[in-house]
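A short worksheet on the structure shown next.
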Amino acid sequence: MSIVTQLDHPMLQHKLTLLRSKDTCSKDFRNIVKEIAILMAYEVTRNFPLEEIEIETPIAKMKSKIVSGKTVAIVPILRAGLGMVDGVLEVIPAAKVGHVGLYRNEETLTPVEYYFKMPKDIEQRTVIITEPMCATGGSIIAAVNLLKNRGVKNIKVMCLVVAEPGIKAVEAVHPDIEIFTVGYDKELNERGYITPGLGDAGDRLFGTK
Ligand code: URA
């Protein structure tokens, strides 16, 4: 079974098309990434376990369901992953946020770690990594390695676009995680960019280039 779930909701596909277009400016790109993250978070949390608690409505006592256990940490891979954090927090406001700093060496295309800061009970939480682009898969593999070394057992990844080579690479090392994505592209170009992709997600989010 594949570790990837491609979300095909019409609104997600529509919003991804807007992101892919080179005519979408940074301000709109940022807003649309947040909207997509909200819609994706709804799907990513679909199988969260529930427990019943006793409450009292203004009318009567009842048993009602809440999400059970210590819940979620959102872990953006800096910097592009930051663009999806606010959207996930809209759906899971009590989530803690850790940060993994990885940049891509543009010659070797391998990730280099420069920052790692997590909530102290990270191993008890379901971790949702946010990383808009899974190109070679290198940054996701590195982030998952770091989290597993800290005892994290339940890891989900939210991407906007993944490429087949990246997914194969992640799947080979971490077959126990789940990756959610809206776009699923076939290949990378000679500079390691997803093709057709949407360009450099960090540059488009933050208006750098
Ligand atoms: N990172 C990006 O932002 N875009 C790509 O296409 C690949 C890696």
Side-chain angles (χ1 to χ4, degrees), residues 2-7 12-37 39-40 74-88 99-116 128-147 155-174 177-209:
S2 171
I3 62 171
V4 180
T5 303
Q6 186 177 13
L7 301 174
L12 283 170
Q13 295 298 321
H14 174 89
K15 287 174 193 295
L16 179 61
T17 298
L18 299 177
L19 287 188
R20 285 188 189 271
S21 168
K22 68 178 173 44
D23 296 329
T24 300
C25 68
S26 261
K27 173 178 142 298
D28 292 345
F29 192 92
R30 248 193 320 271
N31 288 338
I32 296 163
V33 168
K34 180 177 174 183
E35 290 166 6
I36 288 179
L39 297 172
M40 288 187 81
I74 306 162
V75 176
I77 300 180
L78 303 178
R79 75 189 155 134
L82 288 173
M84 300 173 86
V85 173
D86 284 352
V88 185
H99 294 87
V100 179
L102 297 170
Y103 67 86
R104 189 160 71 148
N105 179 317
E106 291 297 338
E107 271 156 30
T108 62
L109 303 182
T110 55
V112 184
E113 178 195 341
Y114 65 91
Y115 191 74
F116 187 79
I128 300 176
I129 295 175
T130 58
E131 166 62 295
M133 311 301 280
C134 174
T136 61
S139 56
I140 291 174
I141 291 171
V144 173
N145 283 339
L146 292 167
L147 289 164
I155 300 175
K156 301 173 192 292
V157 185
M158 275 174 56
C159 299
L160 299 174
V161 182
V162 301
E164 207 159 286
I167 292 301
K168 285 202 172 126
V170 178
E171 210 157 30
V173 189
H174 296 300
I177 68 167
E178 283 180 278
I179 298 182
F180 294 82
T181 188
V182 186
Y184 200 144
D185 291 358
K186 276 264 164 296
E187 52 196 15
L188 309 179
N189 70 11
E190 62 295 341
R191 293 177 55 220
Y193 281 90
I194 298 177
T195 307
L198 51 72
D200 188 305
D203 281 343
R204 296 198 63 192
L205 273 167
F206 299 113
T208 48
K209 186 97 182 118

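Both counts, for ligands and for their atoms, begin at 1 and track the order of listing.
Nearest approach of His174 to Ile141, heavy atoms of both residues: NE2-O, 3.5 Å.
When only non-hydrogen protein atoms are considered, atom 6 (O) of ligand 1 lies nearest to Ile194 N, 2.8 Å. Closest protein heavy atom to atom 7 (C) of ligand 1: Ala135 CB, 3.6 Å. Looking from atom 3 (O) of ligand 1 to the surrounding protein, the closest heavy atom is Ala201 N, 2.8 Å. Closest to atom 2 (C) of ligand 1, if we only count protein heavy atoms, is Met133 CG, 3.4 Å. At the shortest separation from atom 5 (C) of ligand 1 among protein heavy atoms lies Tyr193 CD2, 3.4 Å. Atom 8 (C) of ligand 1 has Arg104 NH2, 3.8 Å as its closest protein atom, hydrogens excluded (heavy atom only).
For OH of Tyr103, the number of neighbouring non-hydrogen atoms (other residues, nucleotides, ligands) closer than 6.0 Å is 12 at most.
With Ile129 as the fixed residue, the side-chain contact (heavy atoms from CB on, under 4.5 Å) test singles out one of Val157, Ile74, Val100, Ile177: Val157.
Side-chain atoms of Asn105 and Thr110 include no donor-acceptor pair closer than 3.5 Å. In this structure, a donor-acceptor pair under 3.5 Å is absent between the side chains of Thr24 and Arg30. Counting only N and O atoms by type, the side chains of Thr5 and Glu178 include no donor and acceptor under 3.5 Å apart.
Close approach of ligand 1 to Gly192 (heavy-atom distance below 4.0 Å) involves ligand atoms 7 (C).
Distances from atom 4 (N) of ligand 1 to the heavy atoms of Gly197, Gly199, Cys134 put Gly199 nearest.
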